[in-house]
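Written below as structure tokens is the structure these notes are about.
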Amino acid sequence: MSAWLSNPVAIKELRGRMRGRRAFVVLTLYLLALSGIVTFTYLIYSASAAIPGSTNARTTGKALFAAILAVQVFLVAFIGPAFTAGAISGERERQTYDLLRTTLLPAESFVRGKLISALSYVFLLVLVSIPLQSIAFLLGGLSAVELIVSQVLILVAAVTYALYGLWCSAAMRSTLAATVATFAGMLFLLFGIPLIGGAAALFLNLWFATAGSGGGPLTETLALYAGFISAATNLPATLLVSEALFIEENAIFATSQTIGSTRVWLPLPWPLFILFHLLVAYWLYRATVRRVRRVSDK
Amino acid sequence: MTALIELHGLTKRYGDLTAIDDLTLDIEEGAVFGFIGPNGAGKTTTMRILTTLLRPTAGTARIAGHSVSDDPRAVRRAIGYMPDFFGVYEDMKVWEYLDFFAACYDVPTARRAGMIDDLLALVDLEPKRDAFVDTLSRGMKQRLCLARTLTHDPRVLILDEPASGLDPRARIEMRELLRALQDMGKTIFFSSHILSEVADICTSIGIIEHGRLVASGSVAAMLSGLRAHRTVAVRLLPGAADLAEVAAWLRGQPGVVAVSGPRTDAPPADGHADGHADGHTLRLDFSGDDAALSALLAGMVSRGLPVVAFGEEQGDLEDVFMHLTRGPGT
């Protein structure tokens with residue numbers, strides 16, 4: 001742990017990032033914007049003068065939580081990767097990369113330092129939103145499980161997406177190319193995959209309807225698994241589906257469906273999301289370290 | 001003396017282009033080695049291999065006994081590298097810059113504060129301790145970068161064009177700094193286009209052209225090896241002797257191989273003659289030793305020749321460089 005905290009790259013980056021008024025101005029503007037969103041959401045949902053503990057207040061609480069969660073999703077999906085996309089290519093462009101590569105700093109420390117500095121700021125933004133998020137608790141309608149699972153998902157997504165930006169930065173020569181690749185990848189992950197999944201589901205429904213059958217229990221089971229797995233690749237889909245199953249089925253880790261005469265057990269998307277993203281994050285970390293460590297042939 | 005930098009058969013190819021061709025070179029501990037050559041000769045490529053940034057195609061390069069290919073970490077511990085072009089971080093103070101690189105070289109935190117003060121004193125940047133790095137002048141940045149190379153007290157400094165782009169004052173300061181580092185026992189391997197500077201501070205040089213080492217050795221050996229004979233300039237009092245007669249007499253003296261002159265160079269446009277650009281100086285190609293040269297001078301004086309100046313001319317590194325390299329397109 002102390003190695004992580006004493007990482008020279010992380011210290012340098014954080015010192016630079018937190019120096020002067022810029023970081024505090026950004027933080028203030030962010031909190032003002034978040035307060036505006038919370039107030040706007042609260043006013044819409046509490047138009048009928050909700051009483052704490054009543055159904056209306058619970059709905060308002062859930063809406064506030066969802067609004068702040070949406071902001072957090074945006075932060076980890078776009079702001080974190082935006083920081084890391086220029087982290088390594090920027091060193092090359094600034095002509096400081098060779099200076100670092102001739103030091104004793106291991107490639108792992110270099111990559112970890114860049115990751116820590118990018119994530120620290122994103123986590124700071126997530127952290128300062130907690131007081132606003134706690135308003136949802138005051139209004140009710142939010143369980144501890146929902147809160148914990150959502151924050152763990154945000155944490156895992158933040159690490160994975162930041163590592164994706166870092167990998168792009170190590171793989172591309174310029175920051176512009178790395179930033180374009182990072183945002184293209186994030187847009188595909190957040191919007192492209194749900195669109196493709198939705199189109200595939202629509203096509204399958206039409207096909208089953210045309211064939212005049214549901215495709216049989218096996219096909220239905222496979223389609224259900226495919227749906228859950230594809231939901232687990234997407235942060236908003238994982239949050240929404242897991243939330244729905246928490247509420248409707250009172251399920252935490254798994255749920256069951258009866259298909260034909262068989263009861264099929266399905267893991268909730270959130271554990272799948274965590275497993276899948278941690279594996280991808282590990283691969284991205286190793287791949288980035290390999291790229292940084294590589295001695296040039298040119 | 002043991003060789004601290006050893007290159008044996010070092011070769012680097014990029015497709016059909018051979019950037020370094022079978023380079024073999026040994027540099028002893030404590031030497032200040034000037035690596036000179038035209039643009040594109042392979043100097044920077046050699047330095048990038050020595051600093052573990054580039055993989056050689058063939059051959060070996062070792063620093064302090066460690067192979068740059070097999071043990072790059074040990075090589076990095078032994079060297080301090082200053083590239084020809086380098087960037088600085090924005091939003092970083094001078095002391096933070098040194099502290100950051102000291103941390104990257106595993107210098108313990110407790111030792112860093114004192115070490116930073118010492119380095120800033122060495123490169124004369126103490127008053128700029130809390131200044132932001134990007135506000136420093138080019139010369140100050142070069143000195144700071146040199147201080148950075150010393151944070152882990154390396155045995156070898158590899159400096160690529162350390163004085164390039166500097167004004168005359170900054171260039172002199174850099175030269176003095178290199179002398180101080182030499183006195184501290186550092187082995188310095190540096191490239192430069194400024195030959196007078198190389199001649200001033202180097203103990204040995206290597207000349208590279210088209211990736212091949214065309215000559216290497218001590219500066220004195222290179223200069224003496226350039227000419228087969230010594231060149232002696234003799235200046236006589238204007239109008240006091242017939243130069244043609246003097247030249248004829250000199251040709252008959254032991255050791256004198258040839259006599260040329262008198263010089264008929266026109267004085268410079270500003271009218272200030274340099275003392276040699278007149279019509280009263282003869283140049284001798286002399287093959288004798290110092291005793292023979294002394295006897296020649298004594299003979300001239302005893303014969304009553306009005307000698308105003310009598311001295312051996314030293315060739316400079318530019319002569320050596322021009323003699324050994326053929327320039328672009330050859």
Side-chain angles (χ1 to χ4, degrees), chain A residues 2-26 83 86-114 116-117 121 174-175 289-298, chain B residues 12-15 17 19 44-45 47-57 68-70 72-93 96-97 99-109 112 132-134 144-145 148-149 151-152 154 158 160:
Chain A
S2 68
W4 285 70
L5 293 176
S6 62
N7 186 299
V9 176
I11 291 171
K12 174 188 81 71
E13 300 267 323
L14 286 173
R15 197 181 262 155
R17 191 161 285 154
M18 299 309 289
R19 171 170 280 142
R21 285 180 303 178
R22 193 179 56 200
F24 300 98
V25 168
V26 169
F83 281 143
I88 296 173
S89 53
E91 295 275 359
R92 274 196 219 102
E93 287 170 343
R94 215 186 291 123
Q95 295 183 316
T96 47
Y97 193 53
D98 284 350
L99 301 183
L100 282 175
R101 290 184 61 211
T102 53
T103 68
L104 298 176
L105 187 74
E108 288 89 347
S109 293
F110 177 68
V111 172
R112 279 201 303 266
K114 291 288 182 186
I116 291 167
S117 67
Y121 197 66
S174 74
T175 299
V289 167
R290 268 200 305 276
R291 285 238 167 223
V292 170
R293 190 183 285 148
R294 195 161 63 186
V295 177
S296 175
D297 284 318
K298 291 179 183 170
Chain B
K12 180 67 192 175
R13 289 191 203 93
Y14 300 102
L17 176 77
T44 298
T45 304
M47 289 187 156
R48 287 180 68 79
I49 291 174
L50 284 175
T51 51
T52 75
L53 290 170
L54 198 58
R55 201 194 315 271
T57 309
V68 296
S69 305
D70 301 334
R73 198 170 161 79
V75 170
R76 288 173 193 165
R77 197 181 290 280
I79 62 164
Y81 172 53
M82 179 167 151
D84 49 352
F85 297 106
F86 60 90
V88 290
Y89 296 104
E90 293 169 9
D91 287 339
M92 203 169 197
K93 292 180 178 177
E96 289 171 351
Y97 183 79
D99 184 71
F100 168 60
F101 279 101
C104 290
Y105 278 112
D106 292 343
V107 177
T109 314
R112 281 186 226 151
F132 282 96
V133 174
D134 53 351
L144 179 63
C145 193
R148 178 195 59 77
T149 65
T151 49
H152 57 302
I158 297 175
D160 198 356

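By convention in this document, chain letters (A, B, ...) are assigned in the order of the sequence lines, proteins followed by strands, and residues within each chain are numbered from 1. Quick caveat, the model's predicted, so the values are computed rather than measured.
Rounding to the nearest 0.5 angstrom, the gap separating the OG1 atom in Thr52(B) from the CZ atom in Arg101(A) is 7.5 Å. Distance check: Arg19(A) CZ to Lys93(B) NZ gives 5.0 Å after rounding to the nearest 0.5 Å. A distance of 10.0 Å separates CZ in Arg48(B) from OG1 in Thr102(A), rounded to the nearest 0.5 Å. Rounded to the nearest 0.5 Å, atoms CG (Leu105(A)) and CZ (Arg76(B)) are 10.0 Å apart.
Proximity to chain B involves both the backbone and the side chain of Arg94(A), based on heavy atoms less than 4.5 angstrom apart. For Arg92(A), no part lies near chain B; criterion is any non-hydrogen pair under 4.5 Å. In this structure, no portion of Glu93(A) lies under 4.5 Å from any heavy atom of chain B. Using a 4.5 Å cut-off between heavy atoms, Val88(B) contacts chain A through its backbone alone, with no side-chain atom that close.
Here the side chains of Leu104(A) and Arg73(B) are in contact, with some heavy-atom distance below 4.5 Å. Taking 4.5 Å as the limit, every side-chain heavy atom of Thr103(A) sits out of range of all side-chain heavy atoms of His152(B).
In terms of heavy-atom proximity, Leu99(A) sits nearest to Gly87(B) at CD1-O, 4.0 Å.
Between chain A and the residues Tyr97(B), Tyr89(B), Phe101(B), the largest count of heavy-atom pairs under 4.5 Å involves Tyr89(B). If you tally non-hydrogen atom pairs under 4.5 Å between each of Asp91(B), Val75(B), Thr45(B) and chain A, the highest count goes to Asp91(B).
Looking at Arg15(A), its side chain never comes within 3.5 Å of a backbone N or O of Met92(B) through a donor-acceptor pair.
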